[in-house]
Amino acid sequence: MMEPSESALREMPFLMSEDFAVLLGLKKSEYGLEYKSELERLSVFKSIYLPRNLLEPEEQQDVVWSRFCAIYLPATVDRFLNLPAVDSSDPNVLADHELHNVYCEMLVHVQHSPYFAKYLRSKEPAAAKAITLPRVVAQRLAERAPRWDRLMVRPPPGAPSDYYVGIATNACQLLSTLCTFFLKHPNQEEILPTETKVILKPFFQRWAARYSQDVLADICLRTLLWFEGGDTNAALRREYNSVRRSFKNWDVCGYPRCDSRSKLQVCSRCHTVRYCSSAHQALHWKDPFAPHKNHCFTSEY
Ligand SMILES: [Zn+2]
Ligand SMILES: [Zn+2]
C-alpha cells in the first residue's frame, strides 16, 4: 500500500476508539465497512489510522486510547494470544505474523496507558490472561530472533532498510514493559522461563551493541538488566520505579500540579488514577489541559 501524504491524512477525520475496534475486527461496522484480511488490518493501522491520529495533540490521542482500552483491551489480548490465520503465501509474512500483526501493534501502542497497567494488575476474570503475556511475547521473539537478526542487516528485496529493526524494537519494547511490570511477581519462572531468557540474551547483547545510537539498544540493555537482576539489583529497581511512574497517575496524586504520594484514594469509577484529596480529584476532573472526565471509563477488568 502507498503511504498517504501528510496533507491527505489531514483531510481524513480523526479516528475514534470505535474505528480502531472495527479495524481490529472487535466490533461490527455501522457502515458495512469490512477489512478483508489480517494484512489489510495491519497495513491500514500502520500507514493510515496511526499516522492520522499522531497529527493531533497527545491529549486528544490519549482519550481515544483510554476509551479503546477500557472497552476492547481484553478482546485485543485474546486475539493476540489466539491469532486469526494470515492469508498470504509470502514466507516472510508467514514467519513474522505471530509478532507482527495489528493486535501486537495495538498493544505496543497502548502499553503506557493507565488502563494497560490496570489490566495487568487486575484480579478480574476478564484480565486472567494478562500474566501469560510476557511469556508468549518472549517465546515468539525467541523463535524469530535469529531470522530477524539476519534480516536487520540484510533486509529482503523491497523492504525499507530499517524495517526489521522497527518490528524488533516494538516487540522488545512490549516485552520490556511487561517484564518490568511483573518484576515483583513471586513466580518469575512462570512470567518468563529461564530457557527463553537464555535464547534471547545473546541477541539482546548483539542488538544493544549494533544499534547503540538507537532506542532498540536502550530497550535491550534494560531487558538484560531485568534478566540478570531480580529484585536485588539497585539499577534495576530505579528502572522499575521509572517505568512504574510512566504508567501515569498511579504512585502519585493524579492532579498534575501535586506530587503527594501519601494516603492516595483511587477514582472509584475507572480505577486508573489516585488522589491525595477530594479537592484534587475535583480539580483534575475539570482540568483545562487534560480533564480526567474525558479519560474516566468503567471496564470489566
Ligand atoms: Zn494531590
Ligand atoms: Zn476515573
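Atoms within a ligand are numbered from 1 in the order they appear, just like the ligands themselves.
- Note: angle at the Zn ion (ligand 2), from SG of Cys296 to SG of Cys267, is 110° (rounded to 10 degrees).
- At a cut-off of 2.8 Å, His292 is counted among the residues with an N, O or S atom near the Zn ion (ligand 2).
- At a threshold of 4.5 Å between non-hydrogen side-chain atoms, the residues Phe227 and Val198 do not count as touching.
- Between the Zn ion (ligand 2) and Cys270 there is an N/O/S contact shorter than 2.8 Å.
- Draw a line from the Zn ion (ligand 1) to SG of Cys258 and another to ND1 of His280, and the angle between them is 100° (to 10°).
- Under the 4.5 Å side-chain criterion, counting only non-hydrogen atoms from C-beta, Ile167 is not in contact with Met152.
- Using a cut-off of 4.0 Å between Lys/Arg side-chain N and Asp/Glu carboxylate O, Lys129 and Asp78 are scored as salt-bridged.
- Proximity of a side-chain donor or acceptor of Tyr119 to a complementary backbone N or O of Cys69 within less than 3.5 Å is not detected.
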